[in-house]
**Q** 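Take a look at the following structure, please.
Only this structure's heavy atoms are used, side chains among them; waters, hydrogens and symmetry mates stay out. A quick note: this is a predicted structure, and the numbers were derived from the prediction, not measured.
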Amino acid sequence: MKLKLKKYKEQLQDWPQKGHHIMAQYDDEKIIAYQSYRKQIGEFAVKNQYFGGAFSLERMTWIKPDFFWMMYRNGWGTKEDQEYVLAIHLKMDAFKKYLENAVYSSYKDNLGISQKEWQDQVKESSVRLQWDPDHDPFGNKLERRAIQIGLRNEFAHTFAHEDILLIENISDFVKEQYQFVLNDDLDNLIIPEEKPLLFEDEVLNKKLRLK
């Protein structure tokens with residue numbers, strides 16, 4: 001695996017406990033996002049290093065840069081049709097472009113626009129932005145919010161074929177680490193090394209509610 005790994009408890013002391021944060025493994029060139037699929041889709045992606053075959057470009061595809069949010073969503077790879085867990089090394093420029101074009105998936109008064117303006121943006125945009133409660137290894141909700149990004153139309157196409165640097169199958173790693181969770185042995189739990197992401201673009205940070 002090309003992922004950088006670190007003990008969970010060593011990371012926990014440095015992580016923010018609340019607020020909106022893009023928790024991720026990243027550098028200037030790339031960021032890791034996670035997805036889970038059935039074996040047929042996952043094997044094709046790893047073999048060919050792009051998404052195709054049974055992968056549908058007609059549906060919105062959601063990417064999650066937060067490892068624990070993905071583990072909550074797929075039950076550590078135990079949920080049906082989510083057993084094949086992928087670590088997707090994405091171009092940072094592409095990830096930033098998704099966020100610049102994203103529209104919040106639900107309307108809130110603090111968006112700074114009217115509901116009608118938001119509805120018009122939703123119709124026009126092919127990227128959705130959603131903040132959900134982050135979760136601990138056991139699936140318990142945290143005060144910190146985790147981001148997920150939905151892509152469709154031209155953004156789904158570029159994601160599937162152009163924006164990816166590497167696709168890794170991390171299913172076995174996930175299964176191994178899940179045993180420590182099941183045994184309540186968090187001292188030995190190892191996960192991808194993650195830290196909060198902030199952009200140099202303050203307008204984008206404000207849009208995303210990052211601090």
**Q** Count the heavy atoms of every other residue, nucleotide or ligand shown that sit under 6.0 Å from CD of Gln13, and state whether that count exceeds 12.
**A** yes
**Q** Distance alone, cut at 3.5 Å: any donor-acceptor contact between the side chains of Thr61 and Tyr37?
**A** yes
**Q** Any salt bridge (charged side-chain N to carboxylate O under 4.0 Å, His left out) pairs touching residues 40-63, not counting sequence neighbours?
**A** Lys39-Glu43
**Q** Which pairs, with at least one residue in residues 174-211 and sequence neighbours excluded, count as a ring pair (Phe, Tyr, Trp, His ring centres under 6.0 Å)?
**A** Trp76-Tyr178
**Q** Would Phe51 and Ile167 count as a side-chain contact (heavy atoms from CB on, under 4.5 Å) here? Give the steps.
**A** CA-CA 9 Å; Phe51 285 100; Ile167 302 175; 4.1 Å; yes
**Q** For Tyr50 and His161, take the angle between the two ring planes, folded into 0 to 90°, and tell me which bin it lands in: parallel under 30, tilted 30 to 60, perpendicular over 60.
**A** tilted
**Q** Taking atom CD of Glu29 as the centre, does the number of heavy atoms from other residues, nucleotides or ligands within less than 6.0 Å exceed 12?
**A**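 At most 12 heavy atoms, drawn from other residues, nucleotides or ligands, come within 6.0 Å of this atom.
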**Q** Determine, stepwise, if the pair Glu168 / Val46 fulfils side-chain contact (heavy atoms from CB on, under 4.5 Å).
**A** CA-CA 6 Å; Glu168 291 188 283; Val46 172; over 6 Å; no
**Q** Trp131 versus Ile22: any side-chain heavy-atom pair under 4.5 Å?
**A**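 With C-beta onward as the side chain, the pair touches.
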**Q** Just so I know, are the side chains of Asp66 and Tyr34 near enough to count as touching, which here means a heavy-atom distance under 4.5 Å?
**A** no
**Q** Parallel, tilted or perpendicular, judged at 30° and 60°: which one describes the rings of Trp69 and Tyr72?
**A**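 Aromatic pair Trp69/Tyr72 classed perpendicular.
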**Q** Would Arg152 and Tyr98 count as a cation-pi pair here, with the cationic atom under 6.0 angstrom from the ring centre and within 45° of the axis?
**A** no
**Q** Enumerate the residue pairs fulfilling side chain to side chain donor-acceptor pair (under 3.5 Å) with a member in residues 14-28, sequence neighbours excluded, ordered by first and then second residue.
**A**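 Non-adjacent pairs meeting side chain to side chain donor-acceptor pair (under 3.5 Å): Asp27-Lys30.
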**Q** Would Ile164 and Phe159 satisfy side-chain contact (heavy atoms from CB on, under 4.5 Å), going step by step from the backbone distance to the final call?
**A** CA-CA 7 Å; Ile164 294 170; Phe159 163 75; 4.3 Å; yes
**Q** Could you walk me through whether Leu99 and Leu208 satisfy the side-chain contact (heavy atoms from CB on, under 4.5 Å) test, starting with their C-alpha distance in whole Å, then the side-chain angles of each, then the deciding distance to 0.1 Å, before giving a yes or no?
**A** CA-CA 8 Å; Leu99 295 172; Leu208 301 172; 3.8 Å; yes
**Q** Where does the angle between the aromatic ring planes of Tyr8 and Phe68 fall among parallel (under 30°), tilted (30 to 60°) and perpendicular (over 60°)?
**A**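 If you compare the ring of Tyr8 with that of Phe68, the planes turn out perpendicular.
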**Q** State, to 0.1 Å, how close Ile190 and Lys7 come at their nearest heavy-atom pair, and which atoms those are.
**A**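 Answer, listing the atom of Ile190 first, then Lys7: CG1-CG, 4.1 Å.
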**Q** Can you tell me if NZ on Lys79 sees more than 12 non-hydrogen neighbours from other groups inside 6.0 Å?
**A** yes
**Q** Any chain of hydrophobic side-chain contacts (each under 4.5 Å) joining Leu86 to Phe95?
**A** yes
**Q** If you count heavy atoms of other groups shown closer than 6.0 angstrom to NZ of Lys207, is the number above 12?
**A** yes
**Q** Show the nearest heavy-atom pair for residues Glu83 and Arg38, with the distance to one decimal.
**A** OE1-CA, 4.3 Å
**Q** Mind checking whether Leu204 and Glu100 have side chains closer than 4.5 Å, heavy atoms only?
**A**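 Yes; the side chains approach each other to less than 4.5 Å.
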**Q** Are Val174 and Leu182 grouped together when hydrophobic residues (ILVMFWY) are joined by side-chain heavy atoms under 4.5 angstrom apart?
**A** yes
**Q** Within a reach of under 6.0 Å around CZ of Arg144, are more than 12 heavy atoms found that belong to other residues, nucleotides or ligands?
**A** yes
**Q** Under 3.5 Å, side chain of Gln11 to main-chain N/O of Pro192, donor-acceptor pair present?
**A** yes
**Q** Under 4.5 Å between any side-chain heavy atoms of Gln35 and Ile88, yes or no?
**A**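 Yes, close enough: below the 4.5 Å cut-off.
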**Q** Go through the steps for Phe55 and Phe44 under the test ring pair (Phe, Tyr, Trp, His ring centres under 6.0 Å), then give the verdict.
**A** CA-CA 9 Å; Phe55 178 83; Phe44 181 99; 9.3 Å; no
**Q** Return yes if some donor-acceptor pair links the side-chain N/O of Asn140 with the main-chain N/O of Asp136 below 3.5 Å, else return no.
**A**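 Not a single qualifying donor-acceptor pair exists.
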